[in-house]
Amino acid sequence: LKYLPLNGLKQLLAAPQGDGSLPRRIRAILALMGVHGLRISVVADLMLDDLDLNEGVVTALGKVRKVRTVYLTDQTTQVLAAWLEVRGHVALDGVHALFVVVGPNGPGTATGARGIRYLVDKYLDELGLKAEGISCHALRHSAATWSRAGGARLDAIAGMLGHTSVTTTGVYAKIVDKIAENPARYLEELMGLS
């Protein structure tokens, strides 16, 4: 199970700079994947009607066509609102996908998983975070791992990820336990290094 270090996740979420349509779009995509744990296929398939910023929710269609409600943070709601401010200027008429291509390759059409993967890998590479197993799916693992480390309950994480069983989500608790029980952390604390 691969995930980004917490600082790496923070760097990735902050990496897209600027106020143009491209950085706004990628910030929104990264928030849904890295904060809320959405799969790349789910993000690529989101439609405008799936988003309700007034309620702060996204209706996501996950694996086996299972529908779930994802509750957005205030920060993610703001990032999505910023994307929606410019989306209408770049989307082609009749395109209902939440995320559309910004740039020379099919501008205004629905963004596919391949395009999202390319952008995420580009940012991971630029930040020196790209490694074997670190990809879009690692953002999902990062969201779950660091949510658990921050104190989120396993059942809440299971709901966020769309897991039908908390047992499946238990792997994140084991990772957090290993991090917390690292003997070197105790030694560093005794030596005043932490």
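No experiment lies behind these values; they were computed from the predicted model shown.
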Once you round to the nearest 0.5 Å, how far does [atom1] of [X] lie from [atom2] of [Y]?
X	Y	atom1	atom2	answer
Ile40	His137	CD1	NE2	10.5 Å
Arg117	Thr111	CZ	OG1	13.5 Å
Asp45	Asp50	CG	CG	9.0 Å
Ile29	Tyr123	CD1	OH	10.0 Å
Leu32	Arg140	CG	CZ	12.5 Å
Ile157	Thr145	CD1	OG1	8.0 Å

Under a 4.5 Å side-chain heavy-atom rule over Ile, Leu, Val, Met, Phe, Trp and Tyr, are [X] and [Y] clustered together?
X	Y	result
Leu48	Trp83	yes
Trp146	Tyr71	no
Leu6	Leu12	yes
Val90	Met47	no
Leu127	Val120	yes

Note, [X] side chain near [Y] side chain (heavy atom, < 4.5 Å):
X	Y	result
Gln17	Pro23	no
Leu38	Arg68	yes
Leu119	Leu30	no
Val35	Leu13	yes
Leu53	Leu84	yes
Met33	Val43	yes
Ile116	Ile26	no

If you take all heavy atoms of [X] and [Y], which pair is closest and at what distance?
X	Y	value
Leu72	Val57	CD1-N, 4.0 Å
Val95	Ala110	CG1-N, 4.0 Å
Phe99	Arg25	CD2-CG, 3.8 Å
Ala143	Gly34	CB-O, 3.3 Å
His36	Thr76	NE2-OG1, 2.9 Å
Ala60	Val42	CB-CG1, 3.7 Å

Side-chain donor or acceptor of [X] paired with backbone N/O of [Y] under 3.5 Å:
X	Y	answer
Arg87	Val100	no
Arg27	Pro16	yes
Thr59	Thr69	no
Ser142	Leu4	yes

Is it true that His89 and Ser21 share a donor-acceptor pair across their side chains at a distance under 3.5 Å? no
Side chain to side chain contact (heavy atoms under 4.5 Å, CB included) between Val86 and Val102: does it pass, once the steps are laid out? CA-CA 10 Å; Val86 296; Val102 175; over 6 Å; no
Can you establish whether the number of heavy atoms outside Glu55 located under 6.0 Å from its atom CD is more than 12? no
Glu85 with Arg24: basic N within carboxylate O range, under 4.0 Å: yes
For Lys130, enumerate each residue passing the side-chain hydrogen bond (donor to acceptor under 3.5 Å, both in side chains) test, keeping only those at least two apart in sequence or located in another chain. Asp121
Walk me through whether Leu98 and Val58 qualify under side chain to side chain contact (heavy atoms under 4.5 Å, CB included). CA-CA 11 Å; Leu98 177 59; Val58 169; 6.0 Å; no
Walk me through it: do Arg148 and Leu154 pass the test side chain to side chain contact (heavy atoms under 4.5 Å, CB included)? CA-CA 7 Å; Arg148 179 64 181 163; Leu154 278 179; 4.1 Å; yes
